[in-house]
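Working notes, beginning with the structure itself.
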2 protein chains.
Amino acid sequence: MNIEGTRQVQGGIATDLKPAMSASPLVRKLGALCLLSEEEIEFLEGLQNNTLNADRGRDFIVEGKDLRTTFIVIEGWAIRYSVLSNGRRQILSYALPGDILGLHVNFRATATYSASALTPLKLSVVDPRRVIEISQKFPIIAAGLSWCTAREFAILGDQAVRLGRLSARQRLAHLFLELWHRFALIGDNNGDWLEIPMTQQDLADTLGMSLVHTNRSLKSLRDIDLISVEKDHVRLNNVKALIEMSEFNPEHLSEFEI
Amino acid sequence: MNIEGTRQVQGGIATDLKPAMSASPLVRKLGALCLLSEEEIEFLEGLQNNTLNADRGRDFIVEGKDLRTTFIVIEGWAIRYSVLSNGRRQILSYALPGDILGLHVNFRATATYSASALTPLKLSVVDPRRVIEISQKFPIIAAGLSWCTAREFAILGDQAVRLGRLSARQRLAHLFLELWHRFALIGDNNGDWLEIPMTQQDLADTLGMSLVHTNRSLKSLRDIDLISVEKDHVRLNNVKALIEMSEFNPEHLSEFEI
DNA sequence: CCTGAAGTATAACCTATGTTACATCATCGG
DNA sequence: CCGATGATGTAACATAGGTTATACTTCAGG
């Protein structure tokens with residue numbers, strides 16, 4: 001909604017200036033916050049030179065194991081999750097292109113979560129020491145990363161609200177809205193259609209529900225015509241109504257005025 | 001109650017040892033990670049000069065309003081929470097002495113959560129620009145703050161696991177264990193006894209349950225003798241059993257090897 | 001073109017948790 | 001010392017959501 005506006009601004013800038021176009025999603029994301037200098041863009045792109053491809057289902061961070069790497073998502077979706085000893089899984093968050101995993105990894109030796117590729121995934125692998133370097137040499141980028149961190153907190157906080165205080169149907173709607181708004185920011189939005197590469201089991205593990213009830217609740221959202229579902233895609237038929245019924249707060253994901 | 005106690009400890013130490021001892025909880029917390037230089041300690045203490053007292057129940061961060069301040073908890077408990085339009089509240093996390101609220105506030109203009117004093121609270125009020133200053137001048141402190149951030153993520157992730165995948169009794173046990181371990185780090189642990197300044201309604205709002213069911217579940221934990229309850233305190237009668245039954249993972253809160 | 005594996009759909013039944021209602025117990029200002 | 005207010009305890013009943021079971025559908029690989 002109000003993100004529409006910002007996306008267009010972004011798009012406008014992107015078509016005008018060359019470098020931003022070929023830019024990695026991270027540069028596009030940070031570039032949406034404030035103009036980046038050539039030097040800053042170059043540094044950010046250079047940071048992402050070392051890439052890694054992961055097949056669907058491949059874990060690249062494993063809870064309890066050493067983690068001394070920062071990953072930046074270039075293409076595809078990843079999930080952050082945790083598995084209990086009884087086998088139940090809780091997906092904590094989705095990482096989309098431009099998102100960073102392990103930004104604050106410097107000291108902490110062991111991962112407190114696992115991460116795996118939900119779709120074929122292209123990651124860049126960054127030495128966290130280079131992240132530290134940033135704060136000294138590129139204050140603007142540092143501020144951008146700090147904003148990313150605040151945003152991750154907001155997203156995870158929303159996830160807690162979903163899990164703690166929303167009904168099954170609300171949780172689904174709320175999650176779809178979150179993803180829809182997040183895609184809007186990186187300019188990858190496709191009208192009301194939203195790519196949903198996860199299975200219903202994944203959705204269930206995200207929203208703290210059973211597979212059966214996830215299916216039931218999806219159906220009931222379809223029945224009242226709030227969403228339409230097609231292979232790997234969901235259409236948000238009435239964003240306003242969805243926002244209202246799910247108590248979604250778009251402000252948590254909107255940009256800020258500098 | 002035990003705030004009395006901890007204050008005394010603090011006070012007691014303060015009279016004994018000069019520098020490290022009169023230290024603020026934040027200095028103690030970071031000092032537990034790595035030795036801090038005199039200069040670093042001085043800077044951190046200076047950072048916290050500007051203090052503010054808040055009565056129980058007083059909101060000092062309000063969701064949706066401008067937030068351009070960083071707060072450090074000096075004494076007492078705070079909660080971070082979010083209220084839905086239907087009036088339901090979800091408590092996201094507890095802030096204990098040494099914890100920082102709004103560390104990544106620089107850019108983002110509006111708060112995505114509220115925060116309020118759960119007990120009489122002493123906060124220090126910090127200009128976020130001074131936080132930025134840190135990363136340039138005090139790399140060790142910057143690394144410590146980065147570790148704090150990673151830890152907050154781990155704690156919030158655990159909260160999501162609780163809400164999404166644990167039963168009511170497990171949630172209670174899991175939360176108590178989290179708090180117990182967190183107090184252990186700042187050295188304010190009182191044996192198996194744990195201060196619980198929150199009401200059962202607060203607990204319910206933390207764990208995504210109703211007040212009645214919170215009461216029921218507490219009783220059932222008492223009945224099987226895993227905990228004992230006394231005014232504002234809980235005794236963890238069998239930490240090992242509690243860890244097992246609640247699938248708590250102490251690693252998420254443990255320190256790291258440098 | 002068939003087969004098996006993974007995903008989706010749906011029904012029937014069960015249980016954990018929510019809701020409403022009320023009693024009891026502290027605490028605190030007057 | 002009293003009454004009001006907020007917190008805790010518990011019972012009875014209602015329901016959202018979990019579980020088990022079984023089809024159906026898609027799709028990749030032989």
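Quick note on labels: first sequence line is chain A, next is B, and so on, each numbered from 1.
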Among [options], the one nearest [X] by side-chain distance:
| X | options | result |
| --- | --- | --- |
| B/V212 | C/dA21, D/dT8, C/dT10 | C/dA21 |
| B/K219 | C/dT17, D/dG18, D/dT10 | D/dT10 |
| A/N215 | C/dT8, C/dG18, D/dT8 | C/dT8 |

Expressed in angstrom and rounded to an integer, what is the separation of [X] atom [atom1] from [N] atom [atom2]?
| X | N | atom1 | atom2 | value |
| --- | --- | --- | --- | --- |
| B/H213 | D/dA11 | NE2 | C1' | 15 Å |
| B/L207 | C/dT17 | CG | P | 11 Å |
| A/K231 | D/dA28 | NZ | P | 8 Å |
| A/M209 | C/dT8 | CE | P | 13 Å |
| A/L203 | C/dG7 | CG | C1' | 12 Å |
| A/D205 | C/dG7 | CG | C1' | 14 Å |
| A/Q201 | D/dG18 | CD | C1' | 13 Å |
| A/L166 | C/dT17 | CG | C1' | 16 Å |

- So with a 6.0 Å cut-off around CD of B/E244, is the heavy-atom count from everything else above 12? no
- Task: Indicate whether the side chain of B/R216 and that of B/H213 have a donor and an acceptor atom separated by less than 3.5 Å.
- Result: yes
- Query: In terms of the nearest nucleotide of DNA chain D, which residue is placed more toward the 5' end: B/L218 or A/A168?
  - Reply: B/L218
Identify whether any heavy atom of [X] sits under 4.0 Å from a base atom; if not, whether one sits that close to sugar-phosphate; answer base, sugar-phosphate or nothing.
| X | result |
| --- | --- |
| A/T199 | sugar-phosphate |
| B/R222 | sugar-phosphate |
| B/S217 | nothing |
| B/G208 | sugar-phosphate |

- Using a strict cut-off of less than 4.0 Å between a Lys/Arg side-chain nitrogen and an Asp/Glu carboxylate oxygen, indicate whether B/K219 and B/D223 qualify as a salt bridge. yes
- Query: Would B/E247 and B/R165 pass as an ion pair if we require N to O under 4.0 Å?
  - Reply: no
- Query: Would you say a side-chain N or O of B/Q200 is under 4.0 Å from OP1 or OP2 of D/dG9?
  - Reply: yes
- Message: Looking at A/R216 and D/dG18, is any side-chain donor or acceptor paired with a base atom of the opposite kind under 3.5 Å?
- Response: yes
- Message: Main chain of A/G76, side chain of A/T119: is a donor-acceptor contact present, judged purely on distance under 3.5 Å?
- Response: no
